[in-house]
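Letters go in sequence order (proteins before strands), and every chain restarts at 1. As the structure is a prediction and not an experimental result, all values here were calculated from the model.
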2 protein chains.
Amino acid sequence: MTREDILDLFAERGVKVTPQRLEVAAILLEKPQHLSADQIIDRLRGSGSRVSKATVYNTLNLFGERGIAREVKVDPIRRIYDSTRGHHYHFFNVDTGELQDIPADDLELGRQPDLPEGTEPLGVDIVIRVKNRRN
Amino acid sequence: MTREDILDLFAERGVKVTPQRLEVAAILLEKPQHLSADQIIDRLRGSGSRVSKATVYNTLNLFGERGIAREVKVDPIRRIYDSTRGHHYHFFNVDTGELQDIPADDLELGRQPDLPEGTEPLGVDIVIRVKNRRN
DNA sequence: ATGATGCTTAGACGAAGTCTAACGCCGCCC
DNA sequence: GGGCGGCGTTAGACTTCGTCTAAGCATCAT
C-alpha cells in the first residue's frame, strides 16, 4: 500500500493525518500481515523511529475503530492487528502461533441463527484452529 | 451438574480429584454459563472458600486442556470459561459484554476451505458479534 | 498574539495471569 | 511404621500488556 493509498484511506475514514499515524500505517499496511503492538514498536525502533508506546496503542485502537485495520481475537495473551480489511476469516496454528487469512469466498456460512432479541449484527468472526500433523 | 457427574467427568478425563478442583468445578459446571477466573474467585470467596488464586488459574487451565470447560476467545481483556462442553458457537454483545451460546445445529457451515499444508483440524470457533438496536 | 483543541510523550499505574519457593498430603517401599 | 518421592496448593512476588496522567506541542481560528 502506497503512501497515497494510506492518505486516501485516512481521509475516507475521517482520521487526521499525523507523522506518527503515517509511520504506524506504513508498517502495518505495507502488505497483508498480522502484527502485534509489540512487533510494530520493534519495527519502528528498528528503523530509528521514536514514536512512543502510548501513541502506537492509541493509533492501533483508532485504526480498529475506523476500520483501517482489524483486531483479530485468537490469543488472549496479545492483541493482533490484521492489515487485510475486507471480509475474511482465519486459520490459527496453535503449534506455531501462526495466523493465516481465509478469503470470504472459501468459507460458506449456511443457515444462520436468529439474533438475540433487540440486537443487530456487527459481524462474524471465524477461526479454524489447526495443529501440525505429527510424522 | 451433580457432584457425581463431576467425579465421573474427572475420571473420564484423567483428572485427579482434589477438594479445590471440586470447588471450582461445582461453581463453573453448576449450570450453562460463562465465567471469568475473577468471577469464580469472587464466588469462592463469597461462600467462604479459601482456594488460592494460583490454584484457580491452574485448575482452569487444566479444565481447558482436558475438555472439562471451554475457553472462549472474545474479549482480549480477560479469559472466559464456558461450562457447556459440546459443539457450539457464541453470540457476543459488545454493548453488554454478554455471551450467549448458539447450539451447533443452529448454524450450518457450508463449504470449508482446505487446511494449510501439513496441519490437521482442531476445531472451529465462531463468534457472531451483535450490538443493541438503538430506539 | 490568544486561546482552544487535539496529538504525542515519558513514565506511572493497573489488571490479568504466571512463577517461585515453601509446605502439606498421600501413597509406596522397605 | 518411618522415610521418601511426587504432586497439588499456597502467598506473594513478578511479568506482561495495555491504559492513564500530566505536561508539552502543533495547528487552527479569531
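- Atom CD1 of B:Ile77 sits in a sparse spot, with 12 or fewer heavy atoms from other residues, nucleotides or ligands closer than 6.0 Å.
- Across D:dG8, C:dC7, D:dT10, the shortest atom-to-atom separation from the side chain of B:Lys16 is found for D:dG8.
- Atom P of nucleotide D:dG8 and atom CG of B:Leu22 are separated by 14 Å, given to the nearest angstrom.
- Residue A:Thr55 places at least one side-chain N or O closer than 4.0 Å to OP1 or OP2 of C:dT9.
- Minimum heavy-atom separation, A:Arg85 to A:Arg13: NH1-NH2, 4.1 Å.
- Distance B:Phe10 CZ to D:dC7 P: 18 Å, rounded to the nearest Å.
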Could you write nucleotides 13-28 of chain C as a row of B, S and -, 5' to 3', where a protein heavy atom under 4.0 Å of any base atom gives B, of only sugar-phosphate atoms gives S, and otherwise -?
---SBBB---------
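- Defined by atom type and a distance below 3.5 Å, a donor-acceptor pair is present between the side-chain atoms of B:Thr2 and B:Asp5.
- Side-chain atoms of B:His34 and B:Asp101 form a donor-acceptor pair, as typed in the model, at a separation below 3.5 Å.
- Atoms CG (B:Leu44) and P (D:dA11) sit 12 Å apart, rounded to a whole Å.
- OP1 or OP2 of C:dA10 lies within a sub-4.0 Å distance of a side-chain N or O belonging to A:Arg50.
- Looking at heavy-atom distances under 4.0 Å, A:Thr18 makes contact with sugar-phosphate atoms alone, never a base.
- A:Gln20 has its CD atom 13 Å from the C1' atom of D:dG24, to the nearest Å.
- Taking atom CD1 on A:Ile41 and atom C1' on D:dT16, their separation rounds to 12 Å, with Å as the unit.
- There is no side-chain donor-acceptor pair under 3.5 Å between B:His88 and B:Asp106.
- Residues A:Ser49 and A:Glu23 bring a donor and an acceptor atom of their side chains to less than 3.5 Å of each other.
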